[in-house]
Amino acid sequence: MPHLPRVDSVIPLLEKMAEVQASDLHLKSGLPPVYRVGGELRRSALAPFEQGKNEVERIMQPILPQRRMSDYEERGGLDFAYHLHSGDRFRINVMKASGEMHAAIRRVKGEIPNFEELHLPPIYEKLARESQEGIIIVCGVTGCGKSTTQAAMIDHINETQALNIISIEDPIEYAFKPKMSIVSQREIGLDVFQFSDALRAAVRQDPDVIFVGEMRDKETMLAALQAAETGHLVFCTLHTADTMQALGRILEFFPPDQHQFIRSSLSNSIRAICAQRLLPAIDPDISRVPAVEILLGEGIVREKIREGADNDLPEIIAGSAQSGMCTFTASLAELVEKGLIYTDVAMEYAPNREQLMGLLRGIKTSAQTLVHRVKRVGTS
């Protein structure tokens, strides 16, 4: 068996991520370093970390925040950020597993991509441009690009409006450079103890826009809704697969006797819930593109949320494409039409394959009609 090179420091592994276009790096005892490239896990050609020797902790030493290691020991895990001189930033989680340190590292590019680069529909730019107050929720599963999407929306505001933006993150992923706006970024564990404390303090700091990381508890959710109701524009993320689950998750934070109050508060402040999933793209240079589901806080939507008629919302989304709302199925069909994903990929991710097939047949028919018209014009 050939001798495999060993790892002495995590920093060369971080630098390698940009070279291989990896989104994530996993360091676990008994395995070599594992990269996630284009959504797939790939083992590196390096020696596995020996079990029982704390090798991952040893190579992580150059970047571990020593003053926060007591939190790691007490809680069994720690989130922090690190950046290279190249400008690449990394969101890092270290955890205890079988008595040893394991690490999951997410690469965040130094430059914040715009809507076009992210292949997001126009409604995202419209929301960022026109929203003055209320709450905008971006949801999705782990690794679906929620933070990047919100960073693009906030940086668009930063570029086009003179506002005071305050972000509360755990950890800070994208570093915003003040442009037309002024920006303060606060990191949990470094600048402030917890989200709810930072959010309550933020409303006393003359903000126009408040950017909160993932909503994790009742106190943070309530503070965000109150900030949105008192004239601030609040961005936040939720770890749910779609818009309906996002509504359910918000209510789950609170006991049943408070649900009507929360529904009323949410109906007053909701601007949009935007869900997304990343799909493999045809173009290898793009790697992955988002399929989206958009629920906008229009009058009928607010009324249904207030009344608890959530089951009516999917039909409203499906019938409100002109306003910018969008179902996952319609988004998948559009990605196929634009040549960004293969049809079989769309079918694999489709919530309703029959509906998608119907939409794709409509696209095919429209394309054939167009070709027929062009031929007729050319021969006339």
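In this text, all values refer to a predicted model and were calculated from it rather than measured experimentally.
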message: More than 12 heavy atoms of other residues, nucleotides or ligands under 6.0 Å from CD of Glu354: yes or no?
response: no
query: Hey, what's the ring geometry for Phe211 with Phe176, parallel, tilted or perpendicular (30° and 60° as the breaks)?
result: perpendicular
- prompt: Salt-bridged, Arg107 to Asp24, with N to O below 4.0 Å?
  reply: no
task: Sequence neighbours left out, what passes salt bridge (charged side-chain N to carboxylate O under 4.0 Å, His left out) with Lys16? Give chain and number order.
output: Glu19
- prompt: Between Glu293 (side chain) and Thr243 (backbone), is there a donor-acceptor pair under 3.5 Å?
  reply: yes
- request: State plainly whether the residues Arg68 and Asp79 are in salt-bridge range, i.e. N to O under 4.0 Å.
  value: no
- request: Count the heavy atoms of every other residue, nucleotide or ligand shown that sit under 6.0 Å from NZ of Lys179, and state whether that count exceeds 12.
  value: yes
CD (Glu130) with more than 12 external heavy atoms under 6.0 Å: yes
- request: Given side chain to side chain contact (heavy atoms under 4.5 Å, CB included), test Ile165 with Ile154 step by step and report yes or no.
  value: CA-CA 8 Å; Ile165 301 172; Ile154 290 165; 4.0 Å; yes
Main-chain N/O of Ile270 paired with Arg302 side-chain donor or acceptor, under 3.5 Å: yes
task: Given ring-ring contact (aromatic ring centres under 6.0 Å, His included), test Phe115 with His156 step by step and report yes or no.
output: CA-CA 9 Å; Phe115 301 114; His156 182 79; 5.5 Å; yes
message: When you measure from the side chain of His102 to the backbone of Ser29, do you find a donor-acceptor pair of N or O atoms at a distance under 3.5 Å?
response: yes
message: Counting only heavy atoms from other residues, nucleotides and ligands, does the tally under 6.0 Å from CD of Glu73 exceed 12?
response: yes
query: Does the Tyr35 side chain pair with the main chain of Leu13, one donor and one acceptor, at a distance under 3.5 Å?
result: yes
message: For Glu334, is there an ion pair with Lys338 - N to carboxylate O distance below 4.0 angstrom?
response: yes
task: Would you mind checking if Arg58 and Glu55 are paired as a salt bridge, meaning a charged N to carboxylate O distance below 4.0 Å?
output: yes
